[in-house]
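Sharing a structure below in structure tokens format, with a few things to ask.
When reading the values below, keep in mind they use all heavy atoms of this one structure, side chains included, and skip hydrogens, waters and symmetry mates. Every number for a ligand or one of its atoms is a count from 1 in the order of the listing. Quick caveat, the model's predicted, so the values are computed rather than measured.
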Amino acid sequence: MIRLGVNIDHIATIRNARNEAFPSVVEAGLTAETYGADLITVHLREDRRHIKDDDVFLLRQTLKTQLNLEMAATQEMLDIALDVRPDFVCLVPEKRQELTTEGGLDVIKNFDYISNIIKTLHENKIWVSIFIDPNSEQITAARDANAYAIEIHTGKYAEAKTNYNSTEEFYKIKDMAEFADSLELVVNAGHGLNYHNVKPIAQLPQMHELNIGFAIIAQSVFEGLPNAVSKMKRLMIDERT
Ligand code: PXP
């Protein structure tokens with residue numbers, strides 16, 4: 001069954017806005033798990049703008065499902081990952097000024113460096129996915145670098161302003177999900193997915209997991225995190241049956 005990774009970064013955004021200890025990231029993670037999350041995803045950014053180091057360690061100790069740590073491919077983050085020991089690491093590109101992750105990682109350009117990070121993490125039984133644009137050369141490079149999974153960047157699909165563009169972006173994702181599956185990569189996807197656009201992506205038979213953050217946390221303002229999570233999970237699963 002397709003898995004839902006709930007990204008709880010923006011619980012920390014709210015907390016940090018007032019320098020308070022609440023809302024609690026740990027409580028959010030545990031609540032999301034109770035209501036349908038199969039794993040919890042957090043992005044520890046270089047500038048620590050939302051999730052902080054302590055959050056990651058506390059989540060590791062308290063979560064009952066699995067922890068997916070999104071991080072830049074840097075020595076600092078590698079050291080933290082080896083300390084925290086999340087179940088998964090998702091390697092993402094990071095730019096200081098961006099509002100959110102803007103594009104996939106360029107595996108081809110940084111091949112040796114990324115391969116070495118993957119090797120170290122895999123030796124420590126932390127399975128690595130690479131956040132990647134729906135592009136066959138990049139996906140082939142991810143396989144050659146020995147990634148366990150790819151997470152297809154769905155941002156362009158989610159942001160498409162016309163039906164034509166959205167369909168075009170959807171077919172790129174569909175084709176690349178099939179291609180990655182043929183290379184025996186586990187296929188995940190995420191970014192910009194919401195209650196309106198998730199169904200076609202969840203329906204792709206190769207899709208193993210979707211990581212969704214902003215839409216769920218935003219919806220929780222109106223109907224609470226339990227409903228926001230379970231509603232997303234239902235939409236994803238209903239499409240499969
Ligand atoms: N997957 C990755 C790799 C991301 O960087 C993000 C954003 O942090 C997400 C998924 C979740 O994106 P969104 O918050 O738009 O659902």
Indicate, as side chain, backbone, both or neither, the part of F214 found under 4.0 angstrom from ligand 1 when only non-hydrogen atoms are considered.
-> both
Would you please classify the geometry between the W127 ring and the Y148 ring as parallel, tilted or perpendicular, with 30° and 60° separating the classes?
-> tilted
Given that the side chain starts at C-beta and the backbone is N, CA, C, O, which of these parts of E70 lies under 4.0 Å from ligand 1, counting heavy atoms, or is it both or neither?
-> side chain
Does E46 offer a backbone N or O that forms a donor-acceptor pair with the side chain of R48 under 3.5 Å?
-> yes
Any D55 side-chain heavy atom under 4.5 Å of R15 side chain = yes
Any side-chain heavy atom of T154 sitting closer than 4.5 Å to one from H191?
-> yes
N7 heavy atoms, cut-off 4.0 Å: which ligand 1 atoms fall inside?
-> 8 (O)
N211, T41, N188 screened by side-chain hydrogen bond (donor to acceptor under 3.5 Å, both in side chains) with E151, the one that passes | N211
Taking only non-hydrogen atoms of G192 and a 4.0 Å limit, the atoms of ligand 1 in range are 12 (O), 13 (P), 15 (O), 16 (O)
Can you establish whether the number of heavy atoms outside E27 located under 6.0 Å from its atom CD is more than 12?
-> no
Proximity flag A215 to ligand 1, non-hydrogen atoms under 4.0 Å = no
For V92, counting its heavy atoms only, list the atoms of ligand 1 lying under 4.0 Å from any of them.
-> 3 (C)
Can an N or O of H43 be found at a distance shorter than 3.5 Å from an N or O of ligand 1?
-> no
At under 4.0 Å between heavy atoms, what of H153 touches ligand 1? The answer is neither
May I ask you to list the atoms of ligand 1 that are less than 4.0 angstrom from any heavy atom of N211?
-> 10 (C), 11 (C)
More than 12 heavy atoms of other groups within 6.0 Å of Y195 OH | yes
Pull out every atom of ligand 1 sitting under 4.0 Å from any heavy atom of I212, numbered as shown with elements.
-> 16 (O)
